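Worth saying up front: this structure is predicted, and the values here are computed from it rather than measured. Residue numbers begin at 1 in each chain, while the letters A, B, ... track the order of the sequences.
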2 protein chains.
Amino acid sequence: MEMINAIEALGALAQETRLETFRTLVRAHSPNAEEAGLAAGGLAAQLGVAAPTLSFHLKELTRAGLVSARRDGRSIIYTANLGGMRALADYLLEDCCQGACAPSLEETET
Amino acid sequence: MEMINAIEALGALAQETRLETFRTLVRAHSPNAEEAGLAAGGLAAQLGVAAPTLSFHLKELTRAGLVSARRDGRSIIYTANLGGMRALADYLLEDCCQGACAPSLEETET
DNA sequence: ATAACATTTCTATAATTATCTAAATATGGA
DNA sequence: TCCATATTTAGATAATTATAGAAATGTTAT
């Protein structure tokens with residue numbers, strides 16, 4: 001991952017509505033792609049934001065590679081892109097921190 | 001880590017000058033605290049930004065818990081707070097992704 | 001005490017972002 | 001075809017952020 005992509009992903013997540021959106025989509029995640037994700041309208045209702053506002057944020061998350069969209073009838077279903085999040089975490093730990101970040105407690109307790 | 005802290009850290013890193021600042025400080029990191037870090041002036045010169053601009057960004061990074069400062073004579077030495085970065089990465093992987101992110105290739109290659 | 005240095009705070013400004021209402025686009029069904 | 005539904009795009013506005021020059025603060029040496 002390049003720095004410019006990392007900045008886009010970081011910026012996408014650095015906003016309450018968008019971070020909540022991503023977390024909500026993670027909860028709605030499923031290994032089989034068919035049933036994973038949530039429709040834009042359902043998301044907006046669940047998060048309590050106006051449809052155009054959520055649309056703006058979803059575009060931001062999409063641009064950053066953190067969510068994907070597919071059409072299903074009249075709805076557009078958004079899904080969390082877990083690989084994008086993993087790539088960001090890897091960038092922070094490996095490239096940015098150069099592997100020098102001490103591992104978290106959970107990982108050393110075995 | 002709480003969501004609000006994660007948002008601050010994400011926002012702090014989602015800006016080119018600040019991300020470069022953090023990366024530069026990681027390179028200047030040392031296990032013994034005495035010799036770790038860089039002075040604000042040296043950083044500003046290295047990054048090619050005006051002193052007040054860097055000061056603004058350093059405050060932002062400090063507020064987010066990603067850098068620490070100590071005075072040494074007339075200089076103020078900034079150091080990367082690797083624990084803060086680790087806490088952010090953990091938040092993204094554990095809390096936000098709920099551990100569902102596939103591990104990166106490097107980690108599965110053993 | 002004064003001067004030189006290092007950094008921050010103040011002030012102003014330009015640029016970006018988040019939000020809403022209204023209008024446009026796309027889909028599915030009667 | 002016409003209508004209702006789902007979502008996005010356009011346009012306007014308020015709020016936030018990044019930046020730099022000028023002034024203020026704190027430190028060291030003479």
Side-chain angles (χ1 to χ4, degrees), chain A residues 3-25 28 34-64 66-80, chain B residues 3-25 28 35-80:
Chain A
M3 188 168 83
I4 182 69
N5 307 120
I7 288 175
E8 283 185 346
L10 289 163
L13 295 169
Q15 207 275 346
E16 185 165 7
T17 301
R18 288 196 294 263
L19 187 52
E20 283 287 22
T21 297
F22 186 86
R23 286 160 55 91
T24 302
L25 289 176
E34 283 304 313
E35 66 189 41
L38 291 172
L43 256 176
Q46 196 166 331
L47 297 171
V49 302
T53 300
L54 183 64
S55 187
F56 166 82
H57 289 307
L58 285 169
K59 191 156 65 173
E60 207 64 11
L61 286 165
T62 303
R63 203 165 56 83
L66 290 165
V67 310
S68 303
R70 70 176 191 277
R71 180 174 280 278
D72 177 18
R74 293 182 242 197
S75 298
I76 295 185
I77 311 291
Y78 283 90
T79 52
Chain B
M3 188 168 83
I4 181 71
N5 307 120
I7 289 174
E8 283 187 345
L10 290 162
L13 294 170
Q15 205 276 346
E16 185 166 6
T17 300
R18 288 196 294 264
L19 188 51
E20 283 286 23
T21 297
F22 186 85
R23 285 161 56 91
T24 302
L25 289 177
E35 67 190 41
L38 290 172
L43 258 176
Q46 196 166 331
L47 298 171
V49 303
T53 301
L54 183 63
S55 188
F56 167 81
H57 289 308
L58 285 169
K59 190 155 68 173
E60 207 64 12
L61 286 165
T62 303
R63 202 165 58 82
L66 290 166
V67 309
S68 304
R70 68 175 193 277
R71 182 175 278 277
D72 178 18
R74 293 182 241 198
S75 297
I76 295 184
I77 311 291
Y78 284 89
T79 52

>> Please check this pair: side chain of A:Arg18 against backbone of A:Ala12, looking for a donor-acceptor N/O pair closer than 3.5 Å.
In response: yes

>> Please classify the nucleic acid contact of A:Ser55 as base, sugar-phosphate, or nothing, using heavy-atom distances under 4.0 Å.
In response: base

>> Less than 4.0 angstrom between a side-chain N/O of A:Ser75 and OP1 or OP2 of D:dT7, yes or no?
In response: yes

>> What is the distance, to the nearest angstrom, from the CG atom on A:Leu58 to the P atom on D:dT8?
In response: 6 Å

> When you check every protein heavy atom under 4.0 Å of nucleotides 14-21 of chain C, what one-letter string (B, S, -) results, 5' to 3'?
Replying inline: ----BBBB

>> From CG of A:Asp72 over to P of D:dA6, roughly how many Å is that when rounded to an integer?
In response: 12 Å

>> Using side chain to side chain contact (heavy atoms under 4.5 Å, CB included), reason through A:Leu47 and A:Thr24 one step at a time and then give a plain yes or no.
In response: CA-CA 9 Å; A:Leu47 297 171; A:Thr24 302; 3.7 Å; yes

>> From CG of B:Leu47 over to C1' of D:dA20, roughly how many Å is that when rounded to an integer?
In response: 16 Å

> Under the side chain to side chain donor-acceptor pair (under 3.5 Å) test, which residues partner A:Glu35, sequence neighbours left out?
Replying inline: A:Ser30

> With a non-hydrogen cut-off below 4.0 angstrom, is B:Ala39 in contact with a base, only sugar-phosphate, or nothing?
Replying inline: sugar-phosphate

> Roughly how many Å is it from CZ in A:Arg74 to P in D:dA6, rounded to a whole number?
Replying inline: 6 Å

> What is the distance from CD1 of A:Ile76 to C1' of D:dT9, rounded to the nearest Å?
Replying inline: 12 Å

>> Between B:Arg71 and D:dT27, is there a contact of a side-chain N or O with OP1 or OP2 at under 4.0 Å?
In response: yes

>> At less than 4.0 Å, is any side-chain N or O atom of A:Lys59 found next to OP1 or OP2 of D:dT9? Yes or no.
In response: yes

>> Between P on D:dT5 and CD1 on A:Ile77, what's the gap in Å once rounded to a whole number?
In response: 18 Å

>> Walk me through whether A:Thr17 and A:Thr53 qualify under side chain to side chain contact (heavy atoms under 4.5 Å, CB included).
In response: CA-CA 9 Å; A:Thr17 301; A:Thr53 300; 5.6 Å; no

>> Before you tell me yes or no, could you show the steps for A:Leu25 and A:Leu43 under side chain to side chain contact (heavy atoms under 4.5 Å, CB included), namely the whole-Å CA-CA distance, both residues' side-chain angles and the distance that decides it to 0.1 Å?
In response: CA-CA 9 Å; A:Leu25 289 176; A:Leu43 256 176; 3.8 Å; yes

> Taking atom P of C:dT8 as reference, at what distance in whole Å does atom CG of B:Leu43 sit?
Replying inline: 10 Å

> How far does CD1 of A:Ile7 sit from CG of B:Leu19, to the nearest 0.5 angstrom?
Replying inline: 5.0 Å

>> Holding to side chain to side chain donor-acceptor pair (under 3.5 Å), I want the full list of residues that pass it with A:Glu60, two or more places apart in sequence or in another chain.
In response: A:Arg63

>> With a 4.0 Å limit, can you tell me whether A:Tyr78 has a side-chain N or O closer than that to the phosphate oxygens OP1/OP2 of D:dT8?
In response: yes

